[in-house]
Amino acid sequence: MWKKISILFLAAALFITGVSWPAIPDAPGKAIAAETYMVYFDSQGGNQIDPVTNLSYGSYISSLPTPVKEGYIFDGWYTDINYTIPFYTSTKITDNMVVFAKWREKSIVSLKVEYSSKTAVVGTLLDKSKITVQAVYVDGTTKVLTEKDYEIVDSKVNNYGYNYFTVKAGNATAGFTVQGIKEPTYSVTFFSNGGSYVAAITGIRENQTISMPAEPYKNGYEFKGWYLDDKTFQKKFTSEYKIVKNLIVFAKWEKLEVIVEKPVYKLNVTDMELKVNAQKSLFIESYDPYLEVEYFSDDNNVASVNGEGIVEGKGKGFATIYVITPEGEMLECSVAVNGVQAKSIKTNVTSKNLKVKASFKIKTTFSPSNVSSKKLSYSSSNSKIAKVNSSGKVTAVKKGTCYIYVRTTDGSGLKKKIKIKVY
């Protein structure tokens, strides 16, 4: 049976390559050996290998071809389909032959995996497009796997903090960690430039769009849309805009009637420098002392402003103070707050026993000693037991236990707690 199969393979090979059967003399009696022979290479799914022809009787093939087959390692040529008889360069050619390639599946011995982002939102699945998996095969070769070539064991981010994930391909596994974080949300604040009030939209997820609110109304004007800038109105804000940060958008208006020249307002300063806890006045230069304006800061932790336009430095950094005129125009003043903030504070006591009506003063030292502001605030957890004044003097009122709190006011947020026992 095997001989018939070999003859069929050989006949097909001769037909394809155009090689004729070796000539055998037509004579009775003893068989005469063919003058030349050929070896046909059946690569068993690998790339096509041309046969070797014009081989003389008893000759050898000095160099055997090495086929290639995706995902497999070549394990040599064999003269039978069951791979029991190997075919070497030392195999003597005595007849036309078909030899078969033996293959061994190229298995994965290890994996290298990377996730291009260090964080992911808790409760979501990992983004597979951010995962790179490289396989190392038994023969030392490597390959970057496609998504269909590997699996992730439980690819959902379940916890805040570190989440460990396992990637599996074949019998090999590898792991990586991702920091689970709270999903950031943003808001869009609508500044109507003198038009009717429009409520801000909050809780917007990253890269989401929003439905636009109802258009505001302004007597004598036509609403022309919301814009990301209030100077040139070039960047229009629409429902297609993806939100990736907190935004303030501004209404653009077109007057419907004869334009009446409005007052030109100007701030007394447009740039201001302050030390921590220092104050300066910000106002619109006007002959009208009763001009009603509004003030607000974009970062109260750096600089705050009250209704009278008094700007106070709170912490080192930069902030913008916005001043809104009666006509809805918004003026800006940039504020730079400089100074040295406290890194730590220490009180002269951490607990104190006092008789009723007795008192003592809290003394506080700062580190570093050259802080810009040594102003402190004091409070009592129960002023009916012990009270404290603005200079740190503690007075016992009645028997009991409470706490006195000492806090910095330079924006550093430092605090100390002193236990007071009144007897």
Side-chain angles (χ1 to χ4, degrees), residues 184-195 197-198 200-202 204 216 225-237 241 243-253 262-343 368 370-375 408-414:
T185 58
Y186 305 102
S187 63
V188 177
T189 301
F190 298 90
F191 185 74
S192 61
N193 278 325
Y197 173 75
V198 177
I201 297 176
T202 60
I204 307 167
W226 296 105
Y227 287 80
L228 294 168
D229 62 292
D230 66 332
K231 303 297 184 185
T232 61
F233 294 103
Q234 294 295 315
K235 298 178 181 178
K236 193 167 187 178
F237 177 80
Y241 192 94
I243 310 300
V244 294
K245 63 179 181 178
N246 294 327
L247 293 176
I248 299 177
V249 295
F250 305 89
K252 181 180 180 181
W253 300 100
K262 64 179 181 180
V264 177
Y265 294 109
K266 183 180 178 181
L267 292 174
N268 62 319
V269 291
T270 56
D271 294 283
M272 184 183 293
E273 291 187 4
L274 289 173
K275 292 288 186 181
V276 175
N277 290 331
Q279 296 180 340
K280 285 186 180 180
S281 293
L282 180 65
F283 54 88
I284 294 176
E285 295 178 343
S286 169
Y287 293 107
D288 182 1
Y290 303 103
L291 185 69
E292 293 185 3
V293 296
E294 296 180 34
Y295 299 89
F296 70 92
S297 170
D298 71 346
D299 193 338
N300 286 308
N301 293 320
V302 175
S304 65
V305 61
N306 65 16
E308 303 301 319
I310 304 300
V311 181
E312 181 177 354
K314 293 295 186 179
K316 189 174 181 180
F318 297 91
T320 301
I321 304 299
Y322 294 95
V323 183
I324 305 170
T325 70
E327 284 75 20
E329 182 183 358
M330 188 159 67
L331 308 177
E332 298 178 12
C333 176
S334 298
V335 180
V337 180
N338 300 310
V340 178
Q341 284 185 319
K343 292 185 178 179
N370 64 331
V371 294
S372 300
S373 172
K374 294 186 177 182
K375 184 179 179 180
T408 58
T409 62
D410 64 354
S412 59
L414 301 176

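Being a predicted model, the structure only gives us computed values, none of them experimental. Note that the numbering runs from 1 along the sequence shown for the chain.
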Quiz item: Is a side-chain donor or acceptor of Asp229 paired with a backbone partner of Lys235 at a separation under 3.5 angstrom?
Solution: yes
Self-check item: Nearest non-hydrogen partners of Ser297 and Ile321, listed with the distance
Solution: CB-CD1, 3.5 Å
Quiz item: Do you know the tightest heavy-atom contact between Lys316 and Val302?
Solution: O-CG2, 4.4 Å
Quiz prompt | Contacts of Lys343 that satisfy side chain to side chain contact (heavy atoms under 4.5 Å, CB included) - sequence neighbours left out | solution = Pro368
Quiz item: Side chains of Leu267 and Glu285: closer than 4.5 Å at any heavy-atom pair?
Solution: no
Self-check item: Sequence-distant partners of Phe296, side chain to side chain contact (heavy atoms under 4.5 Å, CB included), two or more places apart
Solution: Tyr322, Ile324, Met330
Self-check item: Residues which pass ring-ring contact (aromatic ring centres under 6.0 Å, His included) with Tyr186, listed by chain and number, not counting sequence neighbours
Solution: none
Self-check item: side-chain hydrogen bond (donor to acceptor under 3.5 Å, both in side chains) involving Glu327 - partner list, sequence neighbours excluded
Solution: Tyr265
Self-check item: Non-hydrogen side-chain atoms of Val311 and Ser281 separated by less than 4.5 Å
Solution: no
Quiz item: If only atom types and distance count, is the side chain of Ser187 paired as donor or acceptor with the main-chain N or O of Ile201 below 3.5 Å?
Solution: no
Quiz prompt | Over 12 non-hydrogen atoms of neighbours within 6.0 angstrom of CD in Glu294 | solution = no
Quiz item: For Thr320, does its backbone N or O pair with a side-chain atom of Asp298 as donor and acceptor, under 3.5 Å?
Solution: yes
Quiz item: Which heavy-atom pair separates Lys280 from Glu273 by the least distance, and what is that distance?
Solution: NZ-O, 3.0 Å
Quiz item: How would you list, by chain and number, every residue that makes a side chain to side chain contact (heavy atoms under 4.5 Å, CB included) with Lys245, sequence neighbours excluded?
Solution: Leu247
Practice problem: Begin from the C-alpha positions of Glu312 and Leu274 and carry the test side chain to side chain contact (heavy atoms under 4.5 Å, CB included) through to its verdict. | Solution: CA-CA 8 Å; Glu312 181 177 354; Leu274 289 173; 5.9 Å; no
Quiz item: Taking atom CG of Asp230 and atom CD of Glu329, what is their separation to the nearest 0.5 Å?
Solution: 9.0 Å
Quiz prompt | From CG (Asn193) to NZ (Lys252), nearest 0.5 Å | solution = 11.5 Å
Exercise. Return yes if some donor-acceptor pair links the side-chain N/O of Ser192 with the main-chain N/O of Tyr197 below 3.5 Å, else return no.
Key: no
Practice problem: Report the C-alpha distance between Val335 and Phe318 in whole Å, list the side-chain angles of each, state the deciding distance to 0.1 Å, and finish with yes or no for side chain to side chain contact (heavy atoms under 4.5 Å, CB included). | Solution: CA-CA 6 Å; Val335 180; Phe318 297 91; over 6 Å; no
Quiz item: Which heavy atom in Thr408 sits nearest to a heavy atom in Gly413, and how many Å separate them?
Solution: OG1-N, 3.6 Å
Practice problem: Output yes when a side-chain donor or acceptor of Tyr295 lies under 3.5 Å from a complementary backbone atom of Ile310, and no otherwise. | Solution: no
Quiz item: Between Asp299 and Ala319, is there a donor-acceptor pair closer than 3.5 Å when you use the side chain of the first and the backbone of the second?
Solution: no
Practice problem: Sequence neighbours left out, what passes ring-ring contact (aromatic ring centres under 6.0 Å, His included) with Phe283? Give chain and number order. | Solution: none
Practice problem: Provide the closest heavy-atom pair for Lys314 versus Val276 in the form atom of the first, atom of the second, distance. | Solution: O-CG1, 3.8 Å
Quiz item: If every non-hydrogen atom of Thr409 is compared with every non-hydrogen atom of Lys375, which pair is closest and at what distance?
Solution: OG1-O, 3.0 Å
Quiz item: Are Val323 and Ile284 side-chain neighbours, meaning at least one heavy-atom pair lies under 4.5 Å?
Solution: yes
Quiz item: Can you list the steps and then say if Leu282 with Val305 is a side chain to side chain contact (heavy atoms under 4.5 Å, CB included)?
Solution: CA-CA 9 Å; Leu282 180 65; Val305 61; 5.5 Å; no
Practice problem: Taking the six-membered ring for Trp and the full ring for Phe, Tyr or His, determine whether the centres of Phe250 and Trp226 are under 6.0 Å apart. | Solution: no
Quiz item: Can Val188 and Ile243 be said to form a side chain to side chain contact (heavy atoms under 4.5 Å, CB included), step by step?
Solution: CA-CA 8 Å; Val188 177; Ile243 310 300; 3.9 Å; yes
Quiz item: Looking only at atom types and distance, does a side-chain atom of Thr270 sit under 3.5 Å from a main-chain N or O of Cys333, one as donor and one as acceptor?
Solution: no
Self-check item: Distance, nearest 0.5 Å, that separates OG1 of Thr232 from CD of Gln234
Solution: 4.5 Å
